[in-house]
Amino acid sequence: MTFKSHMDQALAEARAAAERGEVPVGAVVVSPDGKVVAAAGNRTREWNDPTAHAEIVAMRAACRVLGSERLPGHDLYVTLEPCPMCASAISQARIARVYYGAADPKSGGVAQGPRVFAHPQSHHVPEVYDGIGAVEAEELLKAFFAARRPG
């Protein structure tokens, strides 16, 4: 099967999140045969739920669609490096591959900070590919926060 990136759809979810006043992060879960199973953007403010990060929302939706608590063989595209909470959930869900855009030096949990997948307690370690769509993802985040922080 030929590789097809789904980062454009994750970026569209991030833009939609920004329009709702959410931090612009989007995620897409893709089945082993390359079909999009679920897509989501952040909804923490809308749902008053600190766990409603794009990755969690998309994985929950994919699990509902598949009728399973795990997503083996599935890929996750996300516009920002997953935080420690999301990285742990990705491991628990047995996601096969994670593709992310922008690095998150402040709150990342994959290549930054606690590096969740490097811990011996990590139940499953996905393949990780970074920097995909990073420029656009970074620009979305910078524009979002610049509009909210005066001066």
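In what follows, every heavy atom counts, from backbone to side chain, and hydrogens, waters and symmetry copies are set aside.
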Where [X] and [Y] come nearest, the two heavy atoms and their spacing:
X	Y	value
Ser122	Val116	CB-O, 3.6 Å
His123	Ser91	N-OG, 3.3 Å
Ala14	Gly26	CB-N, 3.5 Å
Gln112	Ala103	NE2-CB, 4.0 Å
Ala134	Gly101	CB-O, 3.5 Å
Ala54	Ala40	CB-O, 3.7 Å

Going from [atom1] on [X] to [atom2] on [Y], what distance comes out if it is rounded to the nearest 0.5 angstrom?
X	Y	atom1	atom2	answer
Ile132	Asp8	CD1	CG	11.0 Å
His53	Leu80	NE2	CG	10.0 Å
Lys35	Lys4	NZ	NZ	12.0 Å
Glu138	Thr79	CD	OG1	10.5 Å
Cys86	Gln92	SG	CD	13.0 Å
Gln9	Met7	CD	CE	11.5 Å

Please answer whether the main-chain N or O of [Y] pairs with a side-chain N or O of [X] as donor and acceptor at a distance below 3.5 Å.
X	Y	result
Glu22	Arg45	yes
Arg115	Gly113	no
Glu13	Ala27	no

Is the closest basic N to carboxylate O distance between Glu46 and Arg43 below 4.0 Å?
yes
Using 4.0 Å as the upper bound for N to carboxylate O, is an ion pair formed by Glu136 and Arg15?
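Judged by the 4.0 Å cut-off on N to carboxylate O distance, Arg15 and Glu136 do form a salt bridge.
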Working note: Glu127 + Val98, criterion side-chain contact (heavy atoms from CB on, under 4.5 Å); need CA distance, chi angles, decisive distance, verdict.
CA-CA 6 Å; Glu127 295 174 30; Val98 175; over 6 Å; no
Using side chain to side chain donor-acceptor pair (under 3.5 Å) as the criterion, list what pairs up with Arg70, not counting sequence neighbours.
none
Residues in side chain to side chain donor-acceptor pair (under 3.5 Å) contact with Ser88, at least two apart in sequence or another chain
none
Flag yes if [X] and [Y] sit in one hydrophobic cluster, no otherwise; membership is Ile, Leu, Val, Met, Phe, Trp, Tyr, and two members link when side-chain heavy atoms are under 4.5 Å apart.
X	Y	answer
Val28	Val23	no
Val25	Ile56	yes
Val29	Tyr129	no
Phe117	Tyr99	no
Tyr100	Val30	no

How about Arg97: does its CZ atom have over 12 heavy atoms from other parts shown lying under 6.0 Å from it?
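Check passes, neighbour count above 12.
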What do the steps show when you test Ile95 against Met59 for side-chain contact (heavy atoms from CB on, under 4.5 Å), and what is the final call?
CA-CA 9 Å; Ile95 292 286; Met59 288 189 296; 3.9 Å; yes
Kindly determine whether Cys83 and Asp104 satisfy side-chain contact (heavy atoms from CB on, under 4.5 Å), including the steps that lead there.
CA-CA 8 Å; Cys83 72; Asp104 189 353; 5.8 Å; no
When you compare the side chains of Thr44 and Asn42, does any donor N or O come within less than 3.5 Å of an acceptor on the partner?
no
Determine whether Leu76 and Ile90 satisfy the following criterion, side-chain contact (heavy atoms from CB on, under 4.5 Å), listing intermediate values before the conclusion.
CA-CA 9 Å; Leu76 177 71; Ile90 288 164; 3.5 Å; yes
Measuring only between side-chain heavy atoms, which start at C-beta, is Ser68 closer than 4.5 Å to Cys63?
no
Ring of Phe144, cation from Arg148 - is the NZ or CZ under 6.0 Å from the centre and inside 45° of the axis?
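Relative to the ring axis of Phe144, which defines the angle, Arg148 lies inside both limits.
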Would you call the rings of His6 and Tyr77 parallel, tilted or perpendicular, taking 30° and 60° as the class edges?
perpendicular
